[in-house]
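Below, chain A is the first sequence line, B the second, and so on; all start at residue 1.
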Amino acid sequence: MTTRVRFAPSPTGYLHIGSARTALFNYLFARHSGGKFLLRIEDTDLQRSTEESTRSILDGLKWLELEHDENIVYQSDNADKHREVALKLLNEGKAYRDFTPKEERSDKDVKEAIVERAREQKDMRDNSFRDLSKEESDAKADVGEPFAIRLKVAASGKTNFEDAVYGLQERDYSEIEDLVLLRSDSHPLYNLAVVCDDIEMRITHVIRGQDHLTNTHKQVLIYEALGAEKPIFGHLPLILAPNRGKLSKRKHGEVVSMTTYRDHGFVAAAFRNFLVLLGWSAGEEQEIYSIDELIEKFSLDHIHKNNAVFNFQENDPRHWTDDKALWMNAEYIRTMFLEDLIPLVKAELKSAKLWRDEYEDEDKIHFEKTVDLIRERFFTLKDFSSQGRAFFSEDFDFDPTAIAKNLKKFPDLQTWLPELADRLETVEDFTHDNLEAVIKKFTEERQTKFGVIMNGARMLLTGQAVGASMLTVFETLGREKSILRLRSQIAWNQ
RNA sequence: GGCGCAUUCGUCUAGUGGUUAGGACACAAGGUUCUCAACUUUGGAACAGGGGUUCAAUUCCCCUAUGCGCUACCA
């Protein structure tokens, strides 16, 4: 039997970092075992589900390159089938009509009600409609009395299942109430819908967040009532905020959204690599993995039981997201195959309106050389259009503090640098080694330090205090631009 | 409240009945350098606490603490 797994987000927001990891683990598991990775949108909560959210989730998955197999299943499309199943269980006597009037409660009240009711320690089977005869029940229904359908959970015994991560799980029936399958407005509820869809989709392994671990018992009960074979469950530890609390949009903002990383210049492969290490490890010291390696090495038995903290500091721009994610991204940018990086840089330059078609035509070699030079110290793809702007445009800014430190602190540079430009005009081969000799000689003549000249030049050529080796920058920018910029007075006038 | 799950450096983690408890990120110091990165060297930094079992426990068991999850006619 081929492995079939699914990622089943509910479209009530963007793709959350924890969901993204769940999707990734499902994807890796499917690919590892040569199975199918399916996608199901659980849009049965009408109030909260939005199309925009679905789109955003799909975008996130696409960005992470977690391509799903087969058609997307929208859970709401299956509502009729879910209702049929509930009715079937009712007919078989495995479920019953509950005519208790529905209580309207706000979200906040619900939480309180749960605690309150729990305190009462009431008998889970204490429902007067549970043992109503079929005739009485039918009669009430025929008159049009509204009812919910509840599963009839046995009074004694226990459910159990072997979780692929957490091991044997057992739960006493007495702790599980007769769960509602169908609301009184005939809307199927989550536990029923999930089980029906998983059966219909022939899901073999349910890999999902640990927040579903205890509810799994309810689902097991449904599988049993239906006489269906249950899948293998594997629950994943949660990803927590730095205070070990829940990581949420409301409290933590965009740092938990997948689109944020895409929009901040993350390389999808790098973020994926970071994500896979949250809750899983191959049991070795390697940490950088290609997607093929991940597919090969991934397995459920190296998943942790302990929750992981997504470590970031809200008010510190330097650590706005997890340091390791930032490091991983930089690592990818400077070490990935240049041919893989180029399209990403192209997209970034395009969105910054810095892209020129020559870059993949007559200027291709030069462009690639430039990217290869500046990627060395970049952290995100955004850096190519910000810090790296001077390499792609004449319209770039000068860092004011760097002007003071590297330029105006040495007033002589205002004459020296244009003089250097004159000198560079005469260099035969505009290459690193030649330039070095010429500039060293120039430095000696002016009785100044090499660094003073170079950092002054760095200001005029790149607008920045930091960057690649200046000799290489000269060579990369070329004679024409170098000379032009050395003579420019723009920075001096600021 | 009940039930469940978990607990190794600040964070992600490796690991074993006997280890100097390993790595990565972050941090600090030195080297390198035209700057900044990268690179490199070094450093600080952890087995939640208490009981058992055992010749020996971070590793197995129990208790406590702490954290998290679930406990809805939400998903």
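Which of C12(B), U35(B), A75(B) sits closest to the side chain of N455(A) comes down to U35(B). Residue L238(A) has its side chain nearest to C68(B) when only U13(B), C68(B), C3(B) are considered. Nearest to the side-chain atoms of V180(A) among the listed nucleotides C73(B), C27(B), U71(B) stands C73(B). Distance from the side chain of Q75(A) is smallest for A75(B) among the nucleotides C34(B), A14(B), A75(B).
What separates CG of D323(A) from P of C9(B) is a distance of 18 Å, to the nearest Å. Atom CZ of F310(A) is separated from atom C1' of C68(B) by 18 Å (rounded to the nearest Å). Taking atom CG of L221(A) as the reference point, atom P of C70(B) lies 19 Å away to the nearest angstrom. Across the protein-nucleic acid pair, K441(A) atom NZ and C34(B) atom P stand 20 Å apart, rounded to whole Å. Note: CZ (R244(A)) to P (U11(B)) measures 6 Å, nearest angstrom. The distance from atom CG of D178(A) to atom P of U71(B) is 16 Å, rounded to the nearest whole Å. Rounded to whole Å, atom P of A6(B) lies 18 Å from atom CD1 of I239(A). The nearest whole Å value for the distance from the CG atom in N311(A) to the C1' atom in A24(B) is 14 Å.
S49(A) comes within 4.0 angstrom of no nucleic acid atom, judged by non-hydrogen atoms across all strands. Among the protein residues, S281(A) comes within range of the sugar-phosphate backbone only, with heavy atoms under 4.0 Å from sugar or phosphate atoms but none that close to a base. Among the atoms of the strands shown, none is found under 4.0 Å from any heavy atom of R375(A). Across all strands shown, K102(A) has heavy atoms under 4.0 Å from base atoms, whether or not it also approaches the sugar-phosphate. Using a 4.0 Å heavy-atom criterion, one finds that E287(A) contacts the bases of the nucleic acid, with or without backbone contacts as well. Counting any heavy atom pair closer than 4.0 Å across all strands shown, Q464(A) reaches no nucleic acid atom. Across all strands, H217(A) comes closer than 4.0 Å to no nucleic acid atom at all (heavy-atom distances). Heavy atoms of A465(A) sit under 4.0 angstrom from at least one base atom. Using a 4.0 Å heavy-atom cutoff across all strands shown, A468(A) reaches at least one base atom of the nucleic acid. Residue G279(A) is in sugar-phosphate contact alone, with no base atom involved, counting any heavy-atom pair closer than 4.0 Å across all strands shown. Residue S469(A) is classed as a base contact, given a heavy-atom separation below 4.0 Å to a base.
For the P atoms, the distance from A37(B) to G44(B) is 24 Å, rounded to whole Å. Comparing the same atom, P, in G2(B) and in U58(B) gives a spacing of 31 Å after rounding to whole Å. Distance noted for atom C1' between C61(B) and C70(B): 27 Å (whole Å). A38(B) and C27(B) have their P atoms separated by 9 Å, given to the nearest Å. For the P atoms, the distance linking A56(B) with G69(B) amounts to 40 Å, nearest Å. U53(B) and A57(B): their C1' atoms are spaced 10 Å apart (whole Å). A21(B) and A45(B) have their C1' atoms separated by 13 Å, with the value rounded to a whole Å.
Side-chain rings of Y190(A) and H212(A) approach one another, their centers coming within less than 6.0 Å. No close placement of the Y96(A) and F129(A) rings is indicated, their centers lying 6.0 Å or farther apart.
For N127(A) and D98(A), the side-chain atoms include at least one donor-acceptor pair closer than 3.5 Å.
By the 6.0 Å and 45° rule, K440(A) stacks over the aromatic ring of F450(A). For the pair R21(A) and F25(A), the cation-pi criterion (under 6.0 Å, within 45° of the ring axis) is fulfilled.
Taking 4.0 angstrom as the limit, N306(A) places a side-chain polar atom (N or O) nearer than this to OP1 or OP2 of U8(B).
With salt bridges taken as basic N to acidic carboxylate O contacts below 4.0 Å, one links E284(A) and K297(A). Look at E42(A) and R40(A) and you find a salt bridge, because one of the NZ, NE, NH1 or NH2 atoms lies within 4.0 Å of a carboxylate O, short of that distance.
Pair check for C55(B) finds G18(B); Watson-Crick or G-U wobble, both atom distances under 3.5 Å.
Both L213(A) and G467(A) lie close to RNA chain B; mapped to their nearest nucleotides by heavy-atom distance, the more 5′-ward contact belongs to L213(A).
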